[in-house]
Visitor: 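Can you read through this structure? Questions will come right after.
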Amino acid sequence: MHFSRLIQDSLVLSLGLASLAAAMPNQLVSRQSTWNPPSNLVTPLQQVWDHQVATYSNALGFRNYGYDQVMANGGYLNFCVRWDSSQNLSEAQRALFQTAIQRSVKKWTDWLVGFDGFPYSSVPVKIVGYAVRNTGQLQGSMSGYDVYTTKDSGGIPECDPRCGRFFHQDGNYNSCPGGASRHYDMSLWLTDGFGGGAGGDWGQRIGTEYFLGLLNSDNIHILLHEIGHSFALDDFYDWTPSGVSNFIMLAGSSTVITDFDGWMLRDWWRHLKTRYNLGTPVTTTRTTTRTTTPAATTTPARTTTTTARATTTGSSGGSGSPLWGQCGGANWTGPTTCAQGTCTYSNPYYSQCL
């Protein structure tokens with residue numbers, strides 16, 4: 001059974017952070033090759049790890065974290081953009097999308113480079129496709145991209161499931177029109193009017209307006225937060241580890257990845273690395289020459305038996321799920337009402353109390 005971490009982050013991510021951004025320095029990665037976190041972080045890191053193992057479903061058995069995706073590919077990540085928007089998208093904007101996603105992923109993966117057997121010197125990112133309401137929204141040349149007009153069961157543009165790792169965690173992309181080289185590991189789902197964000201092994205979801213407004217920013221903090229979820233990092237809605245109160249995974253407290261965030265990422269890697277056949281560290285290279293499929297591909301609305309489960313913070317009571325808790329989705333057997341908030345559809349696999 002698939003396990004999908006989907007966390008709906010409140011608007012607190014967007015509130016009161018402008019002043020923080022001005023006051024905080026750019027990220028400085030602590031280049032260490034072994035597990036030796038600063039003494040003040042040892043206790044809160046252990047608290048976080050214990051909490052994750054206790055609250056995640058099959059934390060160390062699940063195999064679609066961002067680490068798994070990087071390792072399965074041999075050191076890179078493919079993205080597909082879900083353009084859930086009425087706006088047109090220019091060729092120049094799409095070039096900035098590539099840069100922004102690469103920059104954001106790099107801020108996380110730099111914490112892994114050179115650490116505890118991580119075998120790659122970089123993790124290149126490539127956008128391989130766009131899913132749109134209609135192909136006329138994509139202005140200029142679309143050479144090198146797959147274009148999908150596929151819709152999910154909610155009628156929202158969706159990158160073709162036949163090419164998505166979430167749907168094919170065994171690595172079999174025989175049904176993908178472009179084959180394995182055209183698969184995508186994560187979706188960046190951009191939605192008009194969407195507040196806050198969501199993230200999991202499937203990718204990230206943030207607001208269209210927010211993303212477009214920060215394309216040239218060094219730290220797109222909501223995207224960074226959601227990428228953290230894609231790499232298994234938890235949310236902190238109902239508790240805070242001892243002695244730390246300012247880190248990007250604590251929504252609304254930081255606009256940058258901090259040492260605590262970086263060491264949480266490293267903690268996952270050191271616990272997961274034994275599942276990989278690690279060899280000599282290599283320099284990651286990525287060719288840009290590839291065979292492309294036709295610029296516009298239309299596939300029918302999908303019917304799938306793929307199942308997913310989601311973890312949320314908090315616990316479910318007899319009167320319904322708590323605020324931010326899951327309240328629906330494929331194979332969900334828990335509460336379908338909310339003790340706080342309204343049960344809100346996010347995708348076929350997940351509805352949440354907001």
Visitor: Give the minimum heavy-atom separation between Ser104 and Leu223, together with the two atoms involved.
Guide: OG-CD2, 3.5 Å
Visitor: Begin from the C-alpha positions of Asn174 and Asn172 and carry the test side chain to side chain donor-acceptor pair (under 3.5 Å) through to its verdict.
Guide: CA-CA 6 Å; Asn174 290 340; Asn172 184 348; 3.0 Å; yes
Visitor: To the nearest 0.5 angstrom, please state how far the CD atom of Gln93 sits from the CD atom of Gln139.
Guide: 8.0 Å
Visitor: Would you say Cys159 and Cys80 have SG atoms less than 2.5 angstrom apart?
Guide: yes
Visitor: Please find the pair of heavy atoms, one from Lys151 and one from Val132, that lie closest to each other, and give the distance.
Guide: NZ-O, 4.0 Å
Visitor: Rounded at 0.5 Å granularity, tell me how far CG in Leu250 sits from CG in Asp234.
Guide: 11.5 Å
Visitor: Donor-acceptor pair, distance only, cut-off 3.5 Å: does the side chain of Arg103 make one with the backbone of Asn216?
Guide: no
Visitor: Report the distance from atom OG of Ser141 to atom CD of Glu91, rounding to the nearest 0.5 Å.
Guide: 5.0 Å
Visitor: With distance as the sole criterion, is a donor-acceptor pair present between the side chains of Asp50 and Gln46 under 3.5 Å?
Guide: yes
Visitor: How are the rings of His229 and His225 set relative to one another: parallel (under 30°), tilted (30 to 60°) or perpendicular (over 60°)?
Guide: perpendicular
Visitor: Trp83 vs Phe97 aromatic rings, parallel, tilted or perpendicular, using cut-offs 30° and 60°?
Guide: tilted
Visitor: Just verifying a value: how many Å separate Met186 CE and Gln204 CD, rounded to the nearest 0.5 Å?
Guide: 6.0 Å
Visitor: Any idea which heavy atoms bring Tyr65 and Asn58 closest together, and the distance?
Guide: OH-O, 4.5 Å
Visitor: Please list all pairs passing the disulfide bond (SG atoms under 2.5 Å apart) test where one or both residues lie in residues 46-78, with sequence neighbours left out.
Guide: none
Visitor: Does a side-chain N-to-carboxylate-O contact under 4.0 Å join Arg275 and Asp68?
Guide: yes
Visitor: For the pair Trp269 and Tyr276, name the ring-plane relationship: parallel under 30°, tilted 30 to 60°, perpendicular over 60°.
Guide: parallel
Visitor: With sequence neighbours left out, what residues match Asp116 under salt bridge (Lys or Arg N to Asp or Glu O under 4.0 Å)?
Guide: Lys273
Visitor: Regarding Trp268 and Gln52, do their side chains bring together a donor and an acceptor under 3.5 Å, going by distance alone?
Guide: yes
Visitor: Please name the residue in the list Asp192, Asp84, Thr191 that meets the side chain to side chain donor-acceptor pair (under 3.5 Å) test with Thr208.
Guide: Asp192
Visitor: Let me confirm one number: the CZ-OG1 distance from Arg266 to Thr34, rounded to the nearest 0.5 Å.
Guide: 9.0 Å
Visitor: How about Cys163 and Cys176, are their SG atoms within less than 2.5 Å of each other?
Guide: yes
Visitor: Report the distance from atom CG of Asn134 to atom OG1 of Thr149, rounding to the nearest 0.5 Å.
Guide: 9.0 Å
Visitor: Can you tell whether the side chains of Asp160 and Arg162 come within less than 4.0 Å, N to carboxylate O?
Guide: yes
